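A quick write-up on the structure given underneath.
We count residues from 1, following the sequence as given. Quick caveat: nothing in here was measured; it's all calculated off a predicted structure.
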Amino acid sequence: MENRSNLFKVSALTAAMFGVVAMPVQASTESAAGDQYVEAINEFMADSALNGTFIVDTRARTRTSGKPGGKDGDTWSRLNYSSYNAILDFTSGYHDGWLGADIGGYYSGDLYNDSRVNPNGNGEYLCNEISTCNNLDWGSGEGEQLKLYKAALKFKAGENFDARFGMLQANGNGTVGNVWSFVPGTYRGAELNANFGKVKATYFIADQYTAPWLLSEDDYAPALWSDTSWGITHSLGLQVDATKDLFLQFGLGQTTDVSYADVDWANNVVSGKREEVDTTGYKAYARYNINDTMTIAYDFYGVDDDDQYEGLGYTTGLSFNANFGKVSWMSDVQYASSENDRDVNPRMIYTYGMTNGNYSLWWDALSDWNKSGELSWYNRVAYNQGNGWNYYLGFGYGTGGKSAAEGAKGDWDYESEYAFNATVAYSLQYGSLKGTTVRLHGTVLERDEYTGAASADETDLRLQVIIPYSFN
């Protein structure tokens, strides 16, 4: 990615952060710096938190197209791995009531990985987004990497103003969000927050981003299709508790100088970069508590991108949630549309894994349900047994997208799709490892492809073990 500004020197900031974290080790009542130094360090640590999480994610995901050496319709295992993240996160208090620091990192690796192997014969496997990868297509072949994903100074002025500066994540108030994973992605930038009674305003700006599974911005280019450059991304967000039952959120954002790659796949090279465009993001969200057990919400996320959508592309949806004691139910309706009938991605840079937006509807059901013109409906019923056991069963259906023959642009060419998914989970209720969760999740996705289109059915089976621990 091309660097168009230099907000700060990351290596210097990282060293400073580790120095701050190390301070308490040197502090004692006999410190050469004197009693005031000791008091300052104690204050810095008074409201601090050190938390760890260990995660093992074991997954088998199949697909019915693109089987190496096979034919269309053959089911084959595209992702087949067991990988882990060991996460350590430190949050400080505020020295003298105004200055603090947050730092976090994680170590990732594979217990085994039998995912699709790179046809180039270099031994790399398909990137799984849990252990670190060489690029957005292929893993490192080893996966054992340490990544610092957060290193930020933070400032506070009274109870109404605060700011963060460094390697950080967006708080989600506005149009900028974080790519999902067990560990969030990393922006290089700053965030300012101001509270005015029931209103919170946020300004976020960054000039660099790396997805959780990448170590450097340079890792985007080798995949060719993800070789995208940009200048800065920034966002203004407002959220307000309009009444006791009504919550509102609005966002307006922009990413400058976005240039996507043209790829010559016959020769595996980027043949050129497209003309730079500035993209604009729009966010609107409203949630209303109907009563103590029912809520309804509306979400809209749109992007004006003259390159990818030739105008506006957006996703919008309604969500209803009801709780009946141990049983709960959700029902979501979503619609996607773009000016040129391209699949819609709710983020200001279209390229996958390169920044993200803030959109609430996600069903863990393999499909993104984002074909232009597609109207989709998802229902889920869940049961909380009350002793740590939780279950849910969901069904989604979508239809309405045009075919490639009619000008639709996207990864798959289908008329309709449906998915079943289900989860069984158990969480420890007591003890020092309270919150430790074992979760088994499965999805079956079937699609009705247009005549002549490649088969696009998938299945997913995933076992996750999540062990949180607080060192406080």
Problem set entry | Flag for D245-T243: side-chain donor and acceptor within less than 3.5 Å | no
For this session: Tell me whether the guanidinium CZ or amine NZ of K283 lies under 6.0 angstrom from the six-membered ring centre of Y301 and within 45° of its axis.
Result: no
Exercise. Any chance NZ of K409 has more than 12 other-residue heavy atoms, nucleotides or ligands included, within less than 6.0 Å?
Worked result: yes
For this session: Go through the steps to decide whether N421 and Y378 satisfy the test side chain to side chain contact (heavy atoms under 4.5 Å, CB included), and finish with yes or no.
Result: CA-CA 10 Å; N421 64 351; Y378 180 81; 2.8 Å; yes
Exercise. With a 4.0 Å cut-off, would you call R78 and D114 a salt bridge?
Worked result: no
For this session: With side chain to side chain contact (heavy atoms under 4.5 Å, CB included) as the test, would you mind laying out the steps for K156 and F161 before giving the verdict?
Result: CA-CA 6 Å; K156 186 169 68 170; F161 298 93; over 6 Å; no
Exercise. Taking the six-membered ring for Trp, are W377 and Y397 ring centroids under 6.0 Å apart?
Worked result: no
Exercise. More than 12 non-hydrogen atoms from neighbouring residues, nucleotides or ligands closer than 6.0 Å to OH on Y430, yes or no?
Worked result: no
Exercise. When you measure from the centre of the six-membered ring of Y107, is the NZ or CZ of K147 under 6.0 Å away and within 45° of the axis?
Worked result: no
For this session: Determine whether more than 12 heavy atoms belonging to other residues, nucleotides or ligands lie under 6.0 Å from atom CG of D292.
Result: no
Exercise. Should D219 and N135 be marked as a side-chain hydrogen bond (donor to acceptor under 3.5 Å, both in side chains) after you check the CA-CA gap, both sets of side-chain angles, and the distance that decides it?
Worked result: CA-CA 5 Å; D219 294 331; N135 59 65; over 6 Å; no
Exercise. Would R342 count as a cation-pi partner of Y309, with NZ or CZ less than 6.0 Å from the six-membered ring centre and within 45° of the ring normal?
Worked result: no
For this session: Assess whether side chain to side chain contact (heavy atoms under 4.5 Å, CB included) is satisfied between R116 and W76, documenting all intermediate values.
Result: CA-CA 9 Å; R116 180 182 181 181; W76 61 286; 3.7 Å; yes
Exercise. Do the ring planes of W98 and F155 sit parallel (below 30°), tilted (30 to 60°) or perpendicular (above 60°)?
Worked result: parallel
Problem set entry | Interatomic distance, L361 atom CG to D368 atom CG [nearest 0.5 angstrom] | 12.5 Å
For this session: Test side-chain hydrogen bond (donor to acceptor under 3.5 Å, both in side chains) on T279 and D305 and set out the steps.
Result: CA-CA 5 Å; T279 67; D305 185 333; 5.5 Å; no
Exercise. Between R447 and D457, is there a salt bridge with N-O shorter than 4.0 Å?
Worked result: no
Seminar exercise, completed: Output for pair (L366 CG, E417 CD), nearest 0.5 Å, gives 10.0 Å
For this session: May I have the step-by-step check of side-chain hydrogen bond (donor to acceptor under 3.5 Å, both in side chains) for Q385 and Y426, ending in yes or no?
Result: CA-CA 10 Å; Q385 196 166 307; Y426 175 76; over 6 Å; no
Sequence neighbours left out, cut at 3.5 Å: what donor-acceptor pairs do the side chains of residues 348-355 make with other protein atoms?
{"from": "Y350", "atom 1": "OH", "to": "D343", "atom 2": "O", "distance (Å)": "2.8"}
{"from": "T351", "atom 1": "OG1", "to": "T228", "atom 2": "OG1", "distance (Å)": "2.7"}
{"from": "Y352", "atom 1": "OH", "to": "E129", "atom 2": "OE1", "distance (Å)": "3.4"}
{"from": "Y352", "atom 1": "OH", "to": "E129", "atom 2": "OE2", "distance (Å)": "2.2"}

Exercise. Sequence neighbours excluded, which residues qualify as side chain to side chain contact (heavy atoms under 4.5 Å, CB included) partners of F420?
Worked result: F395, Y418
Problem set entry | Pair F300 and Y298, ring centroids less than 6.0 Å apart | no
With a 3.5 Å cut-off and sequence neighbours excluded, list the donor-acceptor pairs that the side chains of residues 49-58 form with protein atoms.
{"from": "N51", "atom 1": "OD1", "to": "S470", "atom 2": "OG", "distance (Å)": "3.3"}
{"from": "D57", "atom 1": "OD1", "to": "R462", "atom 2": "NE", "distance (Å)": "2.8"}
{"from": "D57", "atom 1": "OD1", "to": "Q464", "atom 2": "NE2", "distance (Å)": "3.3"}
{"from": "D57", "atom 1": "OD2", "to": "Y81", "atom 2": "OH", "distance (Å)": "2.7"}
{"from": "D57", "atom 1": "OD2", "to": "R462", "atom 2": "NE", "distance (Å)": "3.2"}
{"from": "D57", "atom 1": "OD2", "to": "R462", "atom 2": "NH2", "distance (Å)": "3.0"}
{"from": "T58", "atom 1": "OG1", "to": "S82", "atom 2": "OG", "distance (Å)": "2.8"}

Exercise. If you draw the axis of the six-membered ring of Y94, does the NZ or CZ of K154 fall within 45° of it and under 6.0 Å from the ring centre?
Worked result: yes
For this session: Just do the side-chain hydrogen bond (donor to acceptor under 3.5 Å, both in side chains) check on T64 and S455 with the steps written out, would you?
Result: CA-CA 6 Å; T64 55; S455 178; 2.5 Å; yes
For this session: For a side chain to side chain contact (heavy atoms under 4.5 Å, CB included) with K200, tell me which candidate from N193, V240, L238 qualifies.
Result: N193
For this session: Assign the ring pair Y203 / H234 to parallel, tilted or perpendicular, where the plane angle (0 to 90°) is split at 30° and 60°.
Result: perpendicular
Exercise. Do F320 and W329 pass the ring-ring contact (aromatic ring centres under 6.0 Å, His included) test, and can you show the C-alpha distance, the side-chain angles, and the key distance before you say yes or no?
Worked result: CA-CA 8 Å; F320 174 77; W329 176 51; 5.6 Å; yes
Problem set entry | Test log, rule salt bridge (Lys or Arg N to Asp or Glu O under 4.0 Å), inputs D110 and R59 | CA-CA 12 Å; D110 299 322; R59 188 178 194 184; over 6 Å; no
Problem set entry | side chain to side chain contact (heavy atoms under 4.5 Å, CB included) evaluation trace for L463 with H441 | CA-CA 6 Å; L463 177 65; H441 173 81; over 6 Å; no
